[in-house]
Amino acid sequence: MSDLWKRFFTAVIAALIFLGAIFFGELGYALLFGLVVVVGLWEYFDLVEKAGFKAQRLFGIIVGLSLYVTDILVHFYGKPSTLLLIPLIILFLTAPIELYRNRKDPFINIALGLFGLLYFALPITLLNHVVRI
């Protein structure tokens with residue numbers, strides 16, 4: 001199968017997923033972009049590992065997903081905005097956990113983990129404030 005056909009079928013599947021998310025409203029949107037946050041951060045941490053660094057993949061994904069989920073709860077479901085302190089508190093655990101892991105270049109690993117959150121999880125989370133379902 002040629003690359004063009006693979007890309008075409010991938011685009012059709014992605015379009016069907018997006019249409020399904022639109023059909024299911026807030027829940028579909030939340031689940032779809034929650035999956036986008038997880039997959040995007042997973043790919044980001046793959047690139048970081050290929051560059052030779054060992055950033056905290058699982059912890060970074062947990063922080064990014066908690067940021068997204070708490071923002072969904074606050075923005076769409078009217079929960080108290082103090083709920084957004086949860087990802088912030090979890091984020092402050094990044095440095096002690098990285099230093100406890102006793103790996104090479106801990107501060108670079110911390111910086112790369114934080115950059116992944118700023119580069120990927122935060123913009124997807126901010127989409128919640130653009131969308132009005």
Side-chain angles (χ1 to χ4, degrees):
M1 186 182 282
S2 71
D3 281 344
L4 180 63
W5 285 107
K6 287 179 187 175
R7 290 180 183 162
F8 174 75
F9 287 126
T10 302
V12 167
I13 291 170
L16 290 174
I17 290 172
F18 276 99
L19 288 174
I22 291 170
F23 177 73
F24 288 108
E26 291 175 354
L27 180 62
Y29 169 84
L31 292 175
L32 175 66
F33 281 96
L35 181 66
V36 168
V37 167
V38 170
V39 171
L41 285 173
W42 189 273
E43 290 294 322
Y44 170 77
F45 286 114
D46 273 348
L47 291 174
V48 167
E49 284 185 11
K50 286 180 184 174
F53 298 101
K54 296 288 186 182
Q56 302 173 33
R57 176 191 302 260
L58 181 62
F59 195 73
I61 291 172
I62 289 171
V63 173
L65 193 58
S66 70
L67 176 66
Y68 179 76
V69 168
T70 54
D71 191 66
I72 285 283
L73 292 173
V74 169
H75 186 68
F76 286 152
Y77 298 106
K79 301 296 180 190
S81 60
T82 55
L83 203 60
L84 291 169
L85 291 174
I86 292 171
L88 185 63
I89 292 168
I90 296 172
L91 184 64
F92 280 122
L93 296 174
T94 304
I97 289 173
E98 181 62 36
L99 294 173
Y100 182 72
R101 288 187 341 158
N102 202 17
R103 298 235 174 137
K104 182 182 171 196
D105 299 323
F107 294 107
I108 292 175
N109 292 335
I110 292 169
L112 289 171
L114 292 176
F115 180 73
L117 295 173
L118 289 174
Y119 181 71
F120 200 80
L122 185 63
I124 298 294
T125 301
L126 292 175
L127 280 177
N128 297 337
H129 299 276
V130 175
V131 174
R132 293 280 184 200
I133 297 178

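Taking the six-membered ring where the residue is Trp, the centroids of Phe24 and Tyr29 are separated by 6.0 Å or more.
Contact annotation: the side chain of Lys6 approaches that of Asp3 to within less than 4.5 Å [non-hydrogen atoms, C-beta and beyond]. Inter-residue side-chain proximity for Ile72 and Phe33 is flagged as unmet; no heavy-atom pair is nearer than 4.5 Å. Side-chain contact between Lys104 and Asn109 is absent, with no heavy atoms from C-beta onward closer than 4.5 Å. When side chains are defined from C-beta on, Leu93 counts as touching Phe59, because their heavy atoms get closer than 4.5 Å.
By the rule that hydrophobic residues join a cluster once side-chain heavy atoms approach within less than 4.5 Å of another member, Leu31 and Phe76 end up as members of separate clusters. Trp5 and Val12 fall within a single hydrophobic cluster, where Ile, Leu, Val, Met, Phe, Trp and Tyr are joined by side-chain heavy atoms under 4.5 Å apart, directly or via other members. Follow the hydrophobic side-chain contacts under 4.5 Å out from Leu35 and you never reach Trp42; the two are in separate clusters. With hydrophobic clusters built from ILVMFWY side chains whose heavy atoms lie under 4.5 angstrom apart, Ile62 does not share a cluster with Val37. The hydrophobic cluster containing Phe115 also contains Ile124, counting ILVMFWY residues as joined when their side-chain heavy atoms lie under 4.5 angstrom apart, directly or transitively.
Nearest heavy atoms, Leu118 versus Pro123: O-CD, 3.3 Å. Closest approach of Ala55 to Leu112, counting heavy atoms only: CB-CB, 4.4 Å. Pairing each heavy atom of Ser66 with each of Pro87, the nearest pair is OG-CB, 3.5 Å. Nearest heavy atoms, Ala121 versus Leu41: CB-CD1, 4.2 Å. Closest heavy-atom contact between Thr125 and Tyr68: OG1-CA, 3.6 Å.
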Decide yes or no on side-chain contact (heavy atoms from CB on, under 4.5 Å) for Leu99 and Phe107, but give the supporting numbers first. CA-CA 8 Å; Leu99 294 173; Phe107 294 107; 4.2 Å; yes
Which is it for Lys54 and Asp105 under the side-chain contact (heavy atoms from CB on, under 4.5 Å) test, yes or no, and what are the steps along the way? CA-CA 9 Å; Lys54 296 288 186 182; Asp105 299 323; over 6 Å; no
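Leu84 CG to His75 NE2: the interatomic distance, rounded to the nearest 0.5 Å, is 11.5 Å. Rounding to the nearest 0.5 Å places CG of Asn128 at 4.5 Å from CG of Asp71.
Under the side-chain contact (heavy atoms from CB on, under 4.5 Å) test applied with Leu117, the options Leu91, Ile61, Thr94 reduce to a single match, Leu91.
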